[in-house]
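Comments concern the structure below.
Keep in mind that what you see is a predicted model, and the values were worked out from it rather than measured.
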Amino acid sequence: MRKLLASLCLAGGALASAHELWVNAPSTLAADQTLEADLGYGHEFPTPEKIADDRLKIFKPLAVVGSKGSSDMTQEGENYHYRGGAKLEKGSYWISAVYQPSFWSKDKEGKWSQGDLKTVANAESCGQYEMLSKAPVIVDGGFDGEFFRKPIGQALEIVPQKDFSEFKAGELFPVQVLLKGEPLAGAKVTATSDEILKKDPEALHDEREPQIFAGTTDKNGVVNIIPLAGGTYKIFTKHSQPFSGDSSQCNESSWKATLILPLQK
C-alpha cells in the first residue's frame with residue numbers, strides 16, 4: 001500500500017509539475033484606474049499562456065477579494081485576461097485565482113485524461129487536483145497590513161505573517177501555510193522571482209525552474225522566506241494525501257498554491 005501511494009504521488013507530481021497557477025496584477029492602482037489582471041496558467045512564470053479550450057471550465061473567474069466581500073472580474077480579450085467593473089474604493093485587496101478540483105487519470109499507456117477511475121477507460125491511477133493563487137493590490141494608497149495578514153479561505157493558502165512592505169532583500173519574511181484553514185507542518189515552500197527566471201528561461205520546464213529559496217514549515221505551518229534578488233516573487237507550496245472519498249473513484253487529492261509578492265525596495 002505504501003509503495004502504491006508513493007507511486008501515485010510521483011505520478012501526480014509529474015502531471016501537476018506541467019502547470020502552475022499565478023496572478024499577474026498591478027500591486028498598486030490609482031483611484032481613477034480600472035483594474036486589469038491575468039490568470040497565469042502554465043510553466044513560464046510570469047508569462048501567461050492561452051488556456052486550452054477543454055480546460056476553461058475548470059477555472060473560476062479571477063475574483064477581487066476585499067474586507068467587505070468579493071466580486072468576480074470579467075474575462076476580456078485573450079482568455080486569460082480579466083478586467084474589473086466599477087472603480088475600486090481606496091483600500092487593500094487580493095486578486096484570487098482558482099483552478100477548481102478536477103479529476104485526472106492515467107491509463108496503462110501513460111496517457112492522462114480528465115476523469116476518474118470510473119470514467120476513464122483502462123485508468124490505472126487518478127488524482128483530484130486543485131490550484132490556487134493570490135496577488136495583492138493597493139488602491140489609492142489604502143494599505144491595510146492587518147487585512148493582508150489574514151487568510152481569504154483558499155483550500156491551500158500561503159498567508160503573510162508580516163506586512164509585505166517588509167518583504168525586502170536579505171530580510172526574513174515569515175509566511176504560514178494553511179490547509180483547509182489549519183496550519184500545515186512539514187510543507188516544502190519554494191520561492192523564485194521573474195528577474196531570476198529571465199537569466200535561465202530554458203530551465204522553466206520539467207521541474208528545473210531556478211529557485212531563490214527553499215524551506216520547510218514548522219509545527220505551526222510557518223517558514224521564513226529569505227528573498228535574495230529583486231523582482232516579483234512566486235512563493236509556492238503543494239500538498240498531496242490519499243483521496244478522502246471513494247477509493248474506487250480516485251486515489252489521491254493534491255493541492256498547489258502560490259503567493260505573488262513584489263519585492264520592496
Side-chain angles (χ1 to χ4, degrees), residues 5 8-24 37-43 45 48-49 51-65 70 72-73 75 79-80 82 94-106 112-120 123 125-135 151-159 175-190 207 209 217 221 234-260:
L5 289 176
L8 289 169
C9 287
L10 288 172
L15 174 66
S17 69
H19 290 83
E20 287 184 11
L21 185 71
W22 67 87
V23 175
N24 290 340
D38 291 333
L39 190 162
Y41 173 66
H43 39 64
F45 172 80
E49 303 174 16
I51 300 170
D53 291 341
D54 65 342
R55 299 192 186 193
L56 281 173
K57 64 180 182 295
I58 299 175
F59 298 90
K60 288 186 177 181
L62 286 183
V64 181
V65 182
S70 65
D72 290 344
M73 299 180 70
Q75 192 278 315
N79 65 10
Y80 55 74
Y82 285 78
W94 287 109
I95 310 305
S96 169
V98 177
Y99 175 107
Q100 300 179 89
S102 301
F103 291 112
W104 287 86
S105 295
K106 187 174 72 169
W112 288 93
S113 302
Q114 290 188 47
D116 57 27
L117 295 173
K118 296 182 178 181
T119 59
V120 175
S125 63
C126 166
Q128 185 184 51
Y129 300 97
E130 183 174 5
M131 289 187 273
L132 308 115
S133 183
K134 62 182 184 180
I152 61 173
Q154 293 179 334
L156 181 65
E157 187 170 1
I158 305 171
V159 183
V175 299
Q176 185 179 40
V177 177
L178 301 177
L179 178 65
K180 298 182 179 179
E182 297 297 327
L184 182 61
K188 183 178 179 181
V189 177
T190 60
E207 296 187 275
E209 179 185 78
T217 59
K234 172 170 64 72
I235 302 170
F236 170 87
T237 192
K238 64 181 178 180
H239 177 72
S240 298
Q241 63 188 40
F243 183 61
S244 60
D246 183 355
S247 61
S248 67
Q249 180 185 19
C250 201
N251 313 110
E252 177 191 48
S253 295
S254 182
W255 298 266
K256 296 168 68 174
T258 59
L259 168 65
I260 309 302

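Across all their heavy atoms, Ser244 and Ser253 have their closest contact at N-OG, 4.2 Å. Closest non-hydrogen pair, Ser133 versus Val23, comes out as OG-N, 3.5 Å. A pairwise comparison of heavy atoms in Ser247 and Leu117 identifies O-CD1, 3.9 Å as the closest pair. Of all the heavy atoms in Phe59 and Arg55, the pair that sits closest is CD1-O, 3.3 Å. In terms of heavy-atom proximity, Gln249 sits nearest to Cys126 at O-SG, 3.8 Å.
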Run the side-chain contact (heavy atoms from CB on, under 4.5 Å) test on Glu20 and His43 for me, step by step, so that the C-alpha distance in whole Å, both residues' side-chain angles and the decisive distance to 0.1 Å come before the verdict. CA-CA 6 Å; Glu20 287 184 11; His43 39 64; over 6 Å; no
Working note: Ile235 + Thr258, criterion side-chain contact (heavy atoms from CB on, under 4.5 Å); need CA distance, chi angles, decisive distance, verdict. CA-CA 5 Å; Ile235 302 170; Thr258 59; over 6 Å; no
With side chain to side chain donor-acceptor pair (under 3.5 Å) as the test, would you mind laying out the steps for Ser102 and Gln114 before giving the verdict? CA-CA 8 Å; Ser102 301; Gln114 290 188 47; 5.8 Å; no
I would like to know whether Val175 and Val159 meet side-chain contact (heavy atoms from CB on, under 4.5 Å); could you show each step before the answer? CA-CA 5 Å; Val175 299; Val159 183; over 6 Å; no
Please lay out, stage by stage, how Lys256 and Glu130 fare under the test salt bridge (Lys or Arg N to Asp or Glu O under 4.0 Å). CA-CA 7 Å; Lys256 296 168 68 174; Glu130 183 174 5; over 6 Å; no
Show your reasoning for whether side-chain contact (heavy atoms from CB on, under 4.5 Å) applies to Asp72 and Leu62. CA-CA 6 Å; Asp72 290 344; Leu62 286 183; over 6 Å; no
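Residues Gln128 and Glu252 fail the side-chain proximity criterion, which asks for heavy atoms closer than 4.5 Å. Using a 4.5 Å cut-off on side-chain heavy atoms (C-beta onward), Lys238 and Met131 make no contact. Here the side chains of Pro183 and Gln176 are in contact, with some heavy-atom distance below 4.5 Å. Within the 4.5 Å cutoff, no side-chain heavy atoms of Pro61 are placed close to those of Met73.
Note that CD1 of Ile158 and OG1 of Thr217 are 10.5 Å apart. Values are rounded to the nearest 0.5 Å. The CZ atom of Phe45 sits 7.5 Å away from the CH2 atom of Trp22 when rounded to the nearest 0.5 Å. Once rounded to the nearest 0.5 Å, the distance linking CG of Leu39 with CG of Leu21 reads 5.5 Å. Atoms CG and CG, from Leu184 and Leu179 in turn, are 5.5 Å apart once rounded to the nearest 0.5 Å. Here the straight-line distance linking atom CZ of Phe243 with atom CG of Asn251 works out to 9.0 Å at 0.5 Å rounding. Considering CD of Glu49 and CG of Asp38, their distance stands at 12.0 Å, rounded to 0.5 Å.
With hydrogens and angles ignored, the 3.5 Å screen pairs a side-chain donor or acceptor of Ser105 with a backbone N or O of Gly115. Using modelled atom types, one side-chain atom of Thr237 and one backbone atom of Lys188 make a donor-acceptor pair closer than 3.5 Å.
The aromatic rings of His239 and Trp255 sit parallel, their planes meeting at an angle under 30°, below the 60° perpendicular limit.
Judged as a side-chain contact (heavy atoms from CB on, under 4.5 Å), and not counting sequence neighbours, the contacts of Gln75 are Asn79, Tyr82.
The aromatic ring centres of Tyr99 and Tyr129 sit 6.0 Å or more apart.
Side chains of Ser96 and Gln154: a donor on one and an acceptor on the other come within 3.5 Å.
Using a cutoff of 4.0 Å between basic side-chain nitrogens and carboxylate oxygens, Glu157 and Lys134 are scored as salt-bridged. Using a 4.0 Å cut-off between charged side-chain N and carboxylate O, Lys118 and Asp246 make a salt bridge.
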